[in-house]
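Hydrogens, waters and symmetry mates are skipped; everything else that's a heavy atom, side chains included, is used. Just so we're on the same page: letters track the sequence lines, and every chain starts at 1.
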Number of protein chains: 2
Amino acid sequence: MKISNTVEWAIHCCTLLAGLPEDVNLSAKDLAEYHGVPHPYLAKALQMLSNDGILKTISGPKGGYRLASKPDSVSLLDIVLSIEGNDSCFGCEEIRQQGPTALKRSLSYKRPCLIASAMWKAENVWRAELEKVKLTHLVDQVKVEADPRQMKKTQEWLNDKYNSK
Amino acid sequence: MKISNTVEWAIHCCTLLAGLPEDVNLSAKDLAEYHGVPHPYLAKALQMLSNDGILKTISGPKGGYRLASKPDSVSLLDIVLSIEGNDSCFGCEEIRQQGPTALKRSLSYKRPCLIASAMWKAENVWRAELEKVKLTHLVDQVKVEADPRQMKKTQEWLNDKYNSK
DNA sequence: TTAATTGCGGATATAATTTATCCGTGATAG
DNA sequence: CTATCACGGATAAATTATATCCGCAATTAA
Ligand code: SF4
Ligand code: SF4
């Protein structure tokens, strides 16, 4: 029941990209440098995001990643599922069909039991909650809450990247 | 984002115990045999449940486990957290404080960002959903839905265990 | 009191998973 | 054409999760 930390990286990358002008893109190396995380590993996460159509890749020199669609159409859930996979976190192994008291392969176990359905329902409300939060919201909060000094630093860093291309 | 399968075992054990008369208890070996799962490993899960006050242990011959409290005061969430631990599934590593644009250990990062709070809120609704389901509900469903033949088999198995003590 | 049974906790071995790295291929701007 | 860059597959290392074992203390039947 642990969420990989690459999920956090992925969310931060998407948020950063969502706040950028449309014609700007950042390479995996840039994104890794910006967040202070290992490049080759972050690249894997970015690949998943691009496979799932969340990011668009521009190859060749000056290439990199940018958001594939509008920031308000990408939710936290999209990113989380892209990295973690969309399997249910509760895997029922049907143990009621094992042991000495089990009936032999009967059809008596038709519908999912309360245990499994409760677990699945809980996961659904969890997903619904994450679905509500779009990248737009995250970008907006950064604009409102971020320290002006950091905004300035970030802008300079971006300009630096952009000019060197 | 995977839940250990011992969680499922634990829930099944608790449900079985919850359906038993008050003065009956089952040993770890019995529970393992009943569910067709390895005894030494299930024992670990039972220990956690007993450490967290969900199960009560009777030691010595004829000893074993029984529910520590009323079935309607134990929820799915209690069991899940007992086995999985109650850490949040989203671990924020404060990566906004890393990289070249970060401000040096300033207090500018006072409140948790939207990302973290959205993840935590989602986990809370998940927990609330599991909290709703008590062992009573599970026992009731078994009584209503279970195949009479299996009920009979189970009863015989239980009598067998009980008489041999 | 003694012998047998049972849960407890620590130590340990094995299997999976996560994390991290590398390189070859293809695409693209200059 | 050539240098740059991302993708994908393969692989290695580190970390967790899973599964097992054994000696100890507690309890009870005889
Ligand atoms: S469906 Fe329910 S009863 Fe059957 S194995 Fe899964 S959790 Fe257990
Ligand atoms: S608090 Fe938010 S911004 Fe900071 S590291 Fe955690 S997820 Fe990222």
Length of the line joining [X]:[atom1] and [N]:[atom2], which is rounded to integer Å:
X     : N      : atom1 : atom2 : value
A:K2  : D:dT18 : NZ    : P     : 14 Å
B:D87 : D:dT16 : CG    : P     : 12 Å
B:L31 : C:dG7  : CG    : P     : 9 Å
A:M48 : D:dA6  : CE    : P     : 17 Å
A:Q47 : C:dT21 : CD    : P     : 15 Å
B:L26 : C:dT6  : CG    : P     : 11 Å
B:D30 : C:dT5  : CG    : C1'   : 12 Å
B:E84 : D:dT16 : CD    : P     : 15 Å

Closest to the [X] side chain, choosing from [options]:
X     : options               : answer
B:W9  : D:dA19, C:dA29, C:dG9 : D:dA19
A:S59 : C:dT21, C:dG7, C:dA27 : C:dA27
B:K62 : D:dA29, C:dT21, D:dT4 : D:dA29

* **First of B:A43 and A:I58 reached from the 5' end of DNA chain C, by closest nucleotide** =>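 Its nucleotide being nearer the 5' end, the pick is B:A43.
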* Starting from the 5' end of DNA chain C, give me the residue, B:L46 or A:P38, whose nearest nucleotide shows up first. =>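 Mapping each residue to its closest nucleotide by heavy atoms, the 5'-most match is B:L46.
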* Check whether any side-chain N or O of A:E129 sits under 3.5 Å from a backbone N or O of B:A118 as a donor-acceptor pair, and report yes or no. =>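 No: the side chain of A:E129 does not pair with the backbone of B:A118.
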* Asked: Are the side chain of B:S82 and the backbone N or O of B:D78 linked by a donor-acceptor pair below 3.5 Å?
  ->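 It does not hold such a pair.
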* To do: Please tell me which of B:S4 and A:K56 maps to the more 5' nucleotide of DNA chain D, matching each residue to the nucleotide holding its nearest heavy atom.
  => A:K56
Quick one: is [N] close enough that its OP1 or OP2 comes under 4.0 Å of any side-chain N or O from [X]?
X     : N      : answer
A:N25 : D:dC5  : no
B:N5  : D:dA17 : no
B:T6  : D:dT18 : no
A:S27 : D:dA6  : yes
B:Y41 : D:dT20 : no

* **Heavy-atom donor-acceptor pair, B:K44 side-chain to C:dG10 base, under 3.5 Å** => yes
Looking at [Y] and [X], is any side-chain nitrogen of the basic one under 4.0 Å from a carboxylate oxygen of the acidic one?
X     : Y      : answer
A:E84 : B:K2   : no
A:E33 : A:K161 : yes
A:K70 : A:D72  : no

